[in-house]
Protein chains: 2
Amino acid sequence: MKERVSLLGYALLGLLNQRPGSGYALRKMFASTPIGTFSDSPGAIYPALRRLERQGHIRGRVAQSAGLRRKQVFQLTPRGKATLREWLERPLKREDVVAGLKEVMLRFAFTDEAIGPAASVRLLRDLARELEAYVPTLHTYLREHRAAMPLSGRLALESGIRSYDDLSRWAADALVAYHASARKKGRERRVRS
Amino acid sequence: MKERVSLLGYALLGLLNQRPGSGYALRKMFASTPIGTFSDSPGAIYPALRRLERQGHIRGRVAQSAGLRRKQVFQLTPRGKATLREWLERPLKREDVVAGLKEVMLRFAFTDEAIGPAASVRLLRDLARELEAYVPTLHTYLREHRAAMPLSGRLALESGIRSYDDLSRWAADALVAYHASARKKGRERRVRS
DNA sequence: TCTATCATGTAAAGGGTTACATGATTCT
DNA sequence: AGAATCATGTAACCCTTTACATGATAGA
């Protein structure tokens, strides 16, 4: 029962939560949208879908639309929704930021639709907090090793630092966007009433 | 003979090229420097070292320094150097940029010391070119889908776009830094003579 | 009829993660 | 004596990659 879900698995859960679809539709999604960088190979997706189904996170039903080959449309079960929610709500830790932002950004992309803007705001705040703690350590490392580093190594590190700095700024902007969106919704509600 | 080298393998080759060391030293390197995000677990590094050794890319020799436990110090063989060089000189393709910058930045970090600044400059130029081709497609996608995207999805995409834009700027700055460094070297040479 | 697209799968191989295991030395 | 650090490894499991395979329908 303790079976884990891979990052690809969560990506599939998130997409299927937005709208049920076939394995083929999911592959097209990966191939055509810049949502994240996942392989669109059948050898990754179909086994992943079967794992999720075996674990009870999704359920597929055959939909033979107009005499086409059998096509399975998958959707989340209550259990799958709970699993997705648990992942999205998981407190953000330092390692999540250090180990690469791919997973963090994927979580963020799904959060709003899946569990609402309050969770998105929380994630943004957590991200800003972790970045504030982490980025200075990079600056310190650079300051202390700058002289001993080859030029390309130093520049590569500076690139990493810059991208984290930029992400900090993005997080701040995104929080502003969320507040603006909340205010707008509030106004609309008042106008309608 | 067509055996492949994983990204971790190239990272090990690059580090060992800078200075020969033991598996333990490499682990410390991964754990303590922000060079890239690799696992410092023995279960990844020792098997990878053995693979590289089996393929003839590195050679380890036992150095029992002051009665410690046997410690193997690895260094590149000529073949390993050739393999590293081939990887570093490989022309940068669109996919390399789309699939994540981790590998590109790792290559860049090693290039200067391994094969000289001219190759670093070439890599930077290739990177700038690919980014110039790729980033507009992201902007186009955003423009066309903006209205239909949930707020968090849109913001996540914007974050990706911003980070690519920033990387473009970094590449331009890095080129300037290389030219400055080349000029400085030139001056020093003239002064000495 | 042939090609592109829709649609789903399997098999083998390689490699990373996690957990476990061992043993020596140095410092407290 | 015990803890921390140096130092190297193994085994099971899972996932991804790559390559191969099949079959139907729609349009040129």
Side-chain angles (χ1 to χ4, degrees), chain A residues 1-13 20-32 36-55 57-58 60-74 95-96 98-100 102-103, chain B residues 1-13 16 20-32 36-55 57-58 60-74 95-96 99-100 102-103:
Chain A
M1 274 294 167
K2 276 267 177 66
E3 300 186 67
R4 285 239 204 67
V5 176
S6 69
L7 186 56
L8 173 60
Y10 284 119
L12 295 172
L13 286 181
S22 65
Y24 190 77
L26 291 163
R27 282 181 62 200
K28 291 288 110 173
M29 203 79 172
F30 287 147
S32 68
T37 322
F38 291 94
S39 163
D40 64 334
S41 84
I45 289 176
Y46 289 107
L49 286 171
R50 249 175 292 122
R51 278 196 300 275
L52 290 172
E53 192 170 33
R54 179 170 46 76
Q55 296 169 3
H57 297 311
I58 59 176
R61 56 184 73 177
V62 177
Q64 72 281 41
S65 55
L68 283 166
R69 199 193 188 187
R70 82 239 168 260
K71 168 167 124 175
Q72 272 206 89
V73 174
F74 293 97
E95 313 91 75
D96 299 321
V98 176
K102 187 176 169 181
E103 178 164 358
Chain B
M1 274 298 165
K2 277 267 177 68
E3 300 185 67
R4 287 241 204 66
V5 176
S6 68
L7 187 57
L8 173 60
Y10 284 119
L12 295 172
L13 286 180
L16 289 175
S22 65
Y24 191 76
L26 292 163
R27 281 182 64 201
K28 291 289 109 172
M29 202 80 171
F30 287 146
S32 68
T37 322
F38 291 94
S39 163
D40 64 334
S41 84
I45 288 176
Y46 290 107
L49 286 171
R50 248 176 292 123
R51 277 196 302 275
L52 290 172
E53 192 170 35
R54 177 168 47 75
Q55 296 168 7
H57 297 310
I58 60 176
R61 56 184 72 179
V62 176
Q64 71 282 38
S65 55
L68 282 169
R69 198 192 190 188
R70 82 244 170 252
K71 168 166 122 173
Q72 271 207 92
V73 175
F74 292 95
E95 312 92 75
D96 300 320
K102 186 176 169 180
E103 178 166 359

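No hydrogens, no waters, no symmetry mates; every other heavy atom, side chains included, goes into these values. Please read these numbers as outputs of a predicted model, since none were measured by experiment. We name chains A, B, ... by the order of the sequence lines, and we start the count at 1 in each one.
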Classify G43(A) by what it touches in the nucleic acid, base, sugar-phosphate, or nothing, heavy-atom distance under 4.0 Å.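 Result for G43(A) = base.
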Could you check K102(B) against K102(A) for side-chain contact (heavy atoms from CB on, under 4.5 Å), going step by step and ending with a plain yes or no? CA-CA 11 Å; K102(B) 186 176 169 180; K102(A) 187 176 169 181; over 6 Å; no
Within this structure, what is the [atom1]-to-[atom2] distance between [X] and [N], rounded to whole angstrom?
{"X": "Y46(A)", "N": "dC6(C)", "atom1": "OH", "atom2": "P", "result": "11 Å"}
{"X": "E53(B)", "N": "dG9(D)", "atom1": "CD", "atom2": "C1'", "result": "14 Å"}
{"X": "R4(A)", "N": "dT18(C)", "atom1": "CZ", "atom2": "C1'", "result": "8 Å"}
{"X": "Q72(A)", "N": "dT8(C)", "atom1": "CD", "atom2": "P", "result": "7 Å"}
{"X": "M29(A)", "N": "dA7(C)", "atom1": "CE", "atom2": "P", "result": "15 Å"}
{"X": "D40(A)", "N": "dT18(D)", "atom1": "CG", "atom2": "P", "result": "11 Å"}
{"X": "I45(B)", "N": "dG9(D)", "atom1": "CD1", "atom2": "P", "result": "12 Å"}
{"X": "L49(A)", "N": "dT10(C)", "atom1": "CG", "atom2": "C1'", "result": "15 Å"}

Per [X] side chain, nearest of listed nucleotides [options]:
{"X": "S41(A)", "options": "dT17(D), dT8(D), dG16(C)", "result": "dT17(D)"}
{"X": "S6(A)", "options": "dT8(D), dT17(C), dC15(D)", "result": "dC15(D)"}
{"X": "P47(A)", "options": "dT10(C), dT8(C), dC6(D)", "result": "dT10(C)"}
{"X": "S39(B)", "options": "dT17(C), dG16(C), dT8(C)", "result": "dT17(C)"}
{"X": "R50(A)", "options": "dG9(C), dG9(D), dC6(D)", "result": "dG9(C)"}
{"X": "Y24(B)", "options": "dT8(D), dG15(C), dT5(C)", "result": "dT8(D)"}

Check whether any side-chain nitrogen or oxygen of R51(B) sits under 4.0 Å from OP1 or OP2 of dG16(C), and answer yes or no.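 So the side chain of R51(B) is within the cut-off, an N or O lying under 4.0 Å from OP1 or OP2 of dG16(C).
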Please lay out, stage by stage, how V5(B) and L12(B) fare under the test side-chain contact (heavy atoms from CB on, under 4.5 Å). CA-CA 10 Å; V5(B) 176; L12(B) 295 172; over 6 Å; no
Closer to the 5' end of DNA chain C via nearest nucleotide, is it P42(B) or R54(B)?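 Residue closer to the 5' terminus by nearest nucleotide: R54(B).
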Tell me, with the steps shown, if Y10(B) and H57(B) meet side-chain contact (heavy atoms from CB on, under 4.5 Å). CA-CA 10 Å; Y10(B) 284 119; H57(B) 297 310; over 6 Å; no
Determine, step by step, whether L7(A) and F38(A) satisfy the side-chain contact (heavy atoms from CB on, under 4.5 Å) criterion, reporting the C-alpha distance in whole Å, the side-chain angles of both residues, the deciding distance to 0.1 Å, and the verdict. CA-CA 9 Å; L7(A) 186 56; F38(A) 291 94; 4.1 Å; yes
Counting only heavy atoms from other residues, nucleotides and ligands, does the tally under 6.0 Å from CZ of R54(A) exceed 12?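 More than 12 within 6.0 Å, yes.
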